[in-house]
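Naming: A, B, ... by sequence-line order, numbering from 1 per chain. Any value given below was found using the heavy atoms of this structure, including those in side chains, with hydrogens, waters and symmetry copies removed.
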Amino acid sequence: MKVTVKDGPSGDVQTGQTVGTALSALGVPVGIDIVAARVNGSVVDLSTPLREDAVIEPLRFDSPEGREVYRHSSTHIMAQAVKELFPTAQLTIGPALEDGFYYDFAYERPFTPEDLEKIEKRAREILTRNLTITRKELSKQEAIEFFKARGERYKVELIENFPEGEQVSIYTQGDFVDLCRGPHVPSTGHVGALKLLSTAGAYWRGDERNPMLQRIYGTSFPTREELEAHLARLEEIKRRDHRKVGKDLDLISVQDEIGPGLVLWHPKGAMIRLLIENFWREQHIKDGYELVYSPHVARLDLWKTSGHVDFYRENMFAAMKVEGSDYQLKPMNCPYHIMIYKSHLRSYRDLPIRYGELGTVYRYERTGVLHGLLRVRGFTQDDAHLFCRPDQMEMEVSRVLDFTFLMLRTFGFADFEVFLSTRPKESVGSDEHWTQATGALEAAIKNRHIAYRVDQGGGAFYGPKIDIKIKDALGRSWQCSTIQVDFNNPERFKLSYIGEDGKAHQPIMIHRALLGSIERFFGILIEHYGGAFPTWLAPVQATVMNITDHQRDYVAAVAAELKAAGFRVEADLRNEKIGFKIREAEKAKVPFMLVAGDREVQGRTVSVRGRSGANLGNMPVSGVIDLLRAETARARPDVQSIQGGGLSFPNCA
RNA sequence: GCUGGCGUAGCUCAAUCGGCAGAGCAGCGGUUUUGUAAACCGCCGGUUGGAGGUUCGAUUCCUCUCGCCAGCUCCA
């Protein structure tokens, strides 16, 4: 039997040898770092016997597949610890996650932090026991009998749902046995460092009508150091939490008296929002959009026509009675834009029409899902609706893609994932429309040479869509941008335009949002920058501070000059030591601190200190203006051109 | 909505078994005139989220309610 190691030696190996021994026989050291192997395409245990010629790729923690095996074995080890300490706990499921793993147990009470400590201690002990992990296959019936005998009701239920005649695999380590597809590491000692993180309730099979299970989250790494680094990253995420930073920097608040999920924008947060919105508006006008406004309420009938009353009721605030008729707080902007479209007879020559609006909508979200700025009940969508002819669709989508990337890059996001979602089972519109629209979306992505993944059946019921996810500074993914074709509304509202042939045709409608919602995007932005906004977005771009009262007038004059030049500058003239003022500006994450003592007054300069301590030396006010201009322009791809034209900066004094 | 945890001064957090609610920071008033992340002294600050109950007495125990957090479900 011929066995080849990927990127390594090959040779003859006796049939029936395991993957592990075959690797050894071919001179590949099978150290503790090798957790499993890919053999002819599928990931298997090292103990799997080889029956035919094979290409083997040893898998380590550094590969996604290896990591999954590693975490999966880790969760079994935790489950073993739980079973040893709490024998009446029932096993359910326990998968690997991106950064760790969890296991759901059916148990009579939630696990406490003290339980967690004990379980973690026991799990670590199981690592040192270095128990061999073995796989065994049973028939479906045997497996049911086996788990029945062990009293594992959930496992029995799982197996009963397996297809008839299928072999079931179980994995054993010491006295612990679990139903599992595998594969697993060869022994419990292969897991290096393990940490349990939290507990939570979770419904059996994710259905809220089912019993609540007790979930334990944990993570594991080959070395203590990697685990520590991961925990440090979790700390960093906590440190950057927009709810904390938003409060510390006095950007926003959500208050009990006002209501959950309803955001107050404090002056500094509002300034950043203004800058984002100004940029947004400028760019939209530049890109051929017409900006519109629409009211916060409308007759309920409008929402009946749009179908929201039928399909979206559970997410809408209750209707209100006004002079005997029902009015509805708006959960979306589209019907208004449609009505603007419908206010005239449209010619094919008018298309495409692009209506954009920073439209504030209100949606009733269940209390449990509200989360800081990321999930709220009142928010402003950076919404737009494009009405176009079928032949214009691809071009329009391409433009939106370019626009999206320009927008997101400006805010410091460089990593994107693009998803194309196709027709779901329940949907409206003809096959022809779906094929055409999906084709246009795909063509637009392709002609921009963008890597993408297809989410089969993941589209909305009313049309296919493109979703774009961004990765932030900590590598977390967020979905903001979406481009959705809509076959439903043009039909419901009987939209039309007069074609070249003099006859009425139905336009294609495209919904799109680039940032998603301003609230959510701001939350993401706060965490992305950790509150240290780039100069063009910083609510205060520089603080000028005096060392003693002697420089008061000079510092006030410097601040006034910088303000006159269009920058957001504050003067800190308080009777405090310079170290204290620096500390406060540093905590407020002001990009530049300009210090003036007698020396500076003498030389008509300021001493410039960058955020987090950089000494940029002394310079006159004109030098500071050049510096701030350069810094402001750096993140704004559009600013260079504006500068050339002598236009003012989008700064507000 | 569900499960669990938590609500104490503007912020961060104390308060033993049910026994006079406390500290740092912030704020205010002074002193100090200061060189790149916290000068010193003093003062002010509370219906302990809200309502009810048990008790001689409740921040503490019980019930209800509002909100927050983690997760489930759902999503911009």
Review point. Any N or O donor-acceptor pair linking the side chain of Glu600(A) to the base of G35(B) at under 3.5 Å?
Key: yes
**Study point:** Carboxylate-amine/guanidinium proximity below 4.0 Å for Arg609(A) and Glu586(A)
**Key:** yes
Review point. Is the NZ or CZ atom of Lys471(A) both under 6.0 Å from the centre of the six-membered ring of Phe416(A) and within 45° of that ring's axis?
Key: no
Exercise for review: Would you mind classifying the nucleic acid contact of Ile547(A) as base, sugar-phosphate or nothing, using non-hydrogen atoms under 4.0 angstrom?
Suggested key: base
Review point. What interatomic distance, in whole Å, is found between C1' of U73(B) and the corresponding atom of U54(B)?
Key: 38 Å
Study note, to complete from the structure: Winner on side-chain proximity to Arg583(A), out of U33(B), A38(B), C68(B), is A38(B)
Point to revise | cation_pi(Arg215(A), Tyr102(A)) dist<6.0 Å, angle<=45 | key: yes
Practice item. Assert yes or no for the condition that the ring centre distance of Tyr103(A) to Tyr217(A) is strictly below 6.0 Å. Key: no
Review point. For Glu426(A), does the CD atom have more than 12 heavy-atom neighbours from other residues, nucleotides or ligands under 6.0 Å away?
Key: no
**Study point:** Nearest-angstrom distance from the residue atom CZ of Phe580(A) to P of G27(B)
**Key:** 7 Å
Point to revise | Inter-nucleotide P distance (G50(B), U8(B)), Å rounded | key: 10 Å
**Study point:** First encountered from the 5' end of RNA chain B, between Gln214(A) and Gly372(A)
**Key:** Gln214(A)
**Study point:** Pairwise C1' distance, U48(B) and A9(B) [rounded to whole Å]
**Key:** 10 Å
Practice item. Send over the distance from Glu586(A) CD to A38(B) P, rounded to a whole Å. Key: 11 Å
Exercise for review: Pick the P atom in G5(B) and in G10(B), then give their distance to the nearest Å.
Suggested key: 28 Å
Point to revise | Contacting residues from residues 602-621 of chain A, given that a heavy atom lies under 4.0 angstrom of RNA chain B | key: Ser607(A), Arg609(A)
Polar-atom pairs under 3.5 Å, protein N or O versus N or O of nucleotides 42-45 of chain B: list them with distances, or write none.
none

**Study point:** Inter-nucleotide C1' distance (A39(B), G57(B)), Å rounded
**Key:** 45 Å
Check your understanding: Which whole number of Å gives the distance between the C1' atom of C40(B) and that of C6(B)?
Key -> 38 Å
Review point. Below 6.0 angstrom between ring centroids: does that apply to Phe86(A) and Phe111(A)?
Key: yes
Review point. Do NZ/NE/NH1/NH2 and the carboxylate oxygens of Arg375(A) and Glu365(A) come within less than 4.0 Å?
Key: yes
**Study point:** Between U36(B) (P) and Asp572(A) (CG): distance, integer Å
**Key:** 16 Å
Exercise for review: Salt-bridge test for Arg476(A) and Glu236(A): reply yes if a basic N is under 4.0 Å from a carboxylate O, no otherwise.
Suggested key: no
Practice item. Return the minimal non-hydrogen interatomic distance between His296(A) and Tyr336(A), and the atom names on each side. Key: C-OH, 4.0 Å
**Study point:** Lys587(A) NZ to A37(B) P, straight-line distance once rounded to whole Å
**Key:** 14 Å
Check your understanding: Quick one: do the Thr380(A) and Arg273(A) side chains pair a donor with an acceptor below 3.5 Å?
Key -> yes
Exercise for review: Return the set of residues passing side-chain contact (heavy atoms from CB on, under 4.5 Å) with Glu235(A) (not counting sequence neighbours), or none when no residue passes.
Suggested key: Lys238(A)
Practice item. Could you label the plane-to-plane angle of the His284(A) and Phe403(A) rings as parallel, tilted or perpendicular, counting under 30° as parallel and over 60° as perpendicular? Key: tilted
Practice item. Summarise how protein sits on nucleotides 70-76 of chain B as a single string, 5' to 3': B when a protein heavy atom is under 4.0 Å from the base, S for sugar-phosphate-only contact, - for no contact. Key: SBBBBBB
Exercise for review: For A21(B) and G45(B), measure between their P atoms and round to the nearest Å.
Suggested key: 15 Å
Point to revise | Nearest non-hydrogen partners of Gly356(A) and Ala384(A), listed with the distance | key: CA-CB, 3.9 Å
Exercise for review: Could you measure between the two C1' atoms, the one in C64(B) and the one in A70(B), and give it in whole Å?
Suggested key: 24 Å
Revision key, fill the gap. Whole-Å distance, Leu262(A) CG to C66(B) P, equals 16 Å
Produce the list of close N/O pairs, under 3.5 Å, pairing protein atoms with atoms of nucleotides 6-14 of chain B; give distances to one decimal.
{"from": "U12(B)", "atom 1": "OP1", "to": "Lys247(A)", "atom 2": "NZ", "distance (Å)": "3.3"}

Exercise for review: Using whole Å, report how far CG of Asp104(A) lies from P of U3(B).
Suggested key: 17 Å
Point to revise | Candidates A39(B), G1(B), C68(B) - which lies nearest the side chain of Pro260(A) | key: C68(B)
Revision key, fill the gap. Pairing string of RNA chain B (Watson-Crick or G-U wobble, both atom distances under 3.5 Å; | = paired to other strand) is (((((((..((((.....[..)))).(((((.......))))).....(((((..]....))))))))))))....
Review point. Atom CD of Glu576(A) and atom C1' of A39(B): how far apart are they, to the nearest Å?
Key: 8 Å
**Study point:** Residue pair Ser294(A) / His337(A), side-chain donor-acceptor N/O under 3.5 Å
**Key:** no
Study note, to complete from the structure: Correct closest heavy-atom pair for Pro464(A) and Phe487(A) would be CD-CE1, 3.9 Å
Practice item. Could you walk me through whether Arg453(A) and Asp455(A) pass the salt bridge (Lys or Arg N to Asp or Glu O under 4.0 Å) test, one step at a time? Key: CA-CA 6 Å; Arg453(A) 297 219 289 275; Asp455(A) 179 3; over 6 Å; no
Exercise for review: May I ask you to say whether Arg239(A) pairs ionically with Glu527(A), meaning some side-chain N is under 4.0 Å from a carboxylate O?
Suggested key: no
Review point. So does Glu576(A) pair up with Arg583(A), basic N to acidic O under 4.0 Å?
Key: no
**Study point:** Spacing between Glu257(A) atom CD and G50(B) atom P, to the nearest angstrom
**Key:** 11 Å
